[in-house]
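To start, the structure itself, in structure tokens.
In what follows, every heavy atom counts, from backbone to side chain, and hydrogens, waters and symmetry copies are set aside.
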Protein chains: 2
Amino acid sequence: MPSTMPPLPADALVVGLAVDVAAFAIHDGELRVLLVQRGEGPHLRAWALPGGLVHPGEELAEASLRVLHDETSMDLEPRHLEQLHTFAEVGRDPRGRVVSVAHLAVLPHGTVAVQGGNEVLGAEWLSAHNPPPLAFDHADILAHALARLQVRLEYANLALEFLPEAFTLPELQGVYEAILNRQLDKRNFRKKLLAQGVLTPSGERRSGVGRPAQLYRRAKHARTAAL
Amino acid sequence: MPSTMPPLPADALVVGLAVDVAAFAIHDGELRVLLVQRGEGPHLRAWALPGGLVHPGEELAEASLRVLHDETSMDLEPRHLEQLHTFAEVGRDPRGRVVSVAHLAVLPHGTVAVQGGNEVLGAEWLSAHNPPPLAFDHADILAHALARLQVRLEYANLALEFLPEAFTLPELQGVYEAILNRQLDKRNFRKKLLAQGVLTPSGERRSGVGRPAQLYRRAKHARTAAL
DNA sequence: CCAAAAGTGTTATTTCTACACCCATGT
DNA sequence: ACATGGGTGTAGAAATAACACTTTTGG
């Protein structure tokens, strides 16, 4: 394939290319989504998903990571990042045609402190199941992301990405419950998870109170995702 | 929200926005995908998914339908059209940064004849499970589309979109088998489908040979899709 | 009456769900 | 000793998978 090709045809539609990121984490046993308060442009002071324009030569995944970094002033390192859906409706952004590729990110436990960054008044982890009103079509994006997260629990072992490398089964169950937004039976949960063979036990651990829980790690062979 | 807003910032990355469409239909009991032979640009004469640049003010779905129409010279009317994935890798198109939003389309039975259209040497329905080599990253797109189609069989009753309004259970089973690329048990298939309650019987019908089969239609209440 | 495709039931296996008590530790 | 959370088994229900013969039509 030649390296110099004719440029794009003159009738090529040019648009702004952006990413928006629905980044999830578990805090206090609750599923939270990272939201920022807009500091400029339309929907000033409204809550929104972190997002922004893609730079030239930048891949979508890179842009997503950069945006997270810039708008939270934190070195967030998602354990999982996948594309969700592309929102390209003609009127979705009042500034012109902006095509936004929405992403789903999963951050591990321990990702707590965030603060506002560039062009943003503040950043916070807020309830994913009961979010505040959001700017643009971000409520749609969040709903998509939540639905995707739930179906991914079955297929991939995405829940592990919310936890540190070593974790207990009750902690893992807590992740499932936070994402599915309902209680699960302890015995059935353990049976199912252990039967999958994706967990391997290690040493022990004493939590604050009660009987110490067995620690587990992900087994060697673990699918990352599919679909 | 004001109707006149500042234009996009000067640092906005502008890109070409395109759609590619993986359009499926069943022919001769086999799952086929609509492919065109490129008549210009890179990958001349290679097989590719129908696709092209989005026009200004045009929605992605509109562009997908237009592209199908233009490149087959046929008034194809998909029964189902959904967004699949956005391919935006920096080097994927040698002409510059082109972001392509891939779509999955389902065409009903009877959609047979296609011919080449604008900028295309020819169009054909070819085997979806054993396609010829494809231009650009279209083999990836096709693989994604096929996987999505298979999971959609479970959730939605997408199989109905491949058939005319009235159809027999053996025909429906044939659609499942063509998509899943394996044989299914007749009795179990009937049990499961009828238990779902999405089919309602109507009159009879005599095929060429053998016992006539009961005709069914979709019941009133039918989910179209999800996820 | 023969070929061809449609239609129909039962059983074994697996998976899912509901449910209550004992165990190990820290205080 | 007691409060706290971790850990375990069983039985009924539901879903799934395997399997072979009869029925209706056209020729």
I'd like to know if A:R187 reaches the base of C:dA20 with its side chain, counting only an N/O donor and acceptor under 3.5 Å. yes

When you measure only distances, ignoring hydrogens and angles, does the side chain of B:K191 come within 3.5 Å of the base of C:dT8 through a donor and an acceptor? no

Closest to side chain of [X], choosing from [options]:
{"X": "B:R211", "options": "D:dG6, C:dT8, D:dT24", "result": "D:dT24"}
{"X": "A:K186", "options": "D:dA18, D:dT4, D:dT8", "result": "D:dT8"}
{"X": "B:P170", "options": "D:dG7, C:dG7, C:dG9", "result": "C:dG7"}
{"X": "A:P212", "options": "C:dA20, D:dG5, C:dT25", "result": "C:dT25"}

In whole angstrom, what separates [X]'s [atom1] from [N]'s [atom2]?
{"X": "B:Q214", "N": "C:dG7", "atom1": "CD", "atom2": "C1'", "result": "11 Å"}
{"X": "B:R190", "N": "C:dA5", "atom1": "CZ", "atom2": "P", "result": "15 Å"}
{"X": "B:E154", "N": "D:dA15", "atom1": "CD", "atom2": "P", "result": "15 Å"}
{"X": "A:Q173", "N": "D:dG7", "atom1": "CD", "atom2": "C1'", "result": "12 Å"}
{"X": "A:L215", "N": "C:dT25", "atom1": "CG", "atom2": "P", "result": "14 Å"}
{"X": "A:L193", "N": "D:dT8", "atom1": "CG", "atom2": "C1'", "result": "16 Å"}
{"X": "B:R205", "N": "C:dA5", "atom1": "CZ", "atom2": "C1'", "result": "12 Å"}
{"X": "A:Q183", "N": "C:dA18", "atom1": "CD", "atom2": "C1'", "result": "15 Å"}

Would you please classify the geometry between the B:H85 ring and the B:H144 ring as parallel, tilted or perpendicular, with 30° and 60° separating the classes? tilted

Going by an N to O cut-off under 4.0 Å, is there a salt bridge joining B:R218 and B:E165? no

Can you tell which of A:L169, A:D185, A:L172 makes a side-chain contact (heavy atoms from CB on, under 4.5 Å) with A:R190? A:L169

Starting from the 5' end of DNA chain C, give me the residue, B:N188 or A:V209, whose nearest nucleotide shows up first. B:N188

Strictly under 6.0 Å, is that where the ring centroids of B:F162 and B:H109 end up? no

Considering heavy-atom distances to DNA chain D, does A:D185 or A:A213 have its closest nucleotide positioned more toward the 5' end? A:A213

Kindly determine whether B:Q83 and A:F87 satisfy side chain to side chain contact (heavy atoms under 4.5 Å, CB included), including the steps that lead there. CA-CA 10 Å; B:Q83 195 189 110; A:F87 295 82; over 6 Å; no

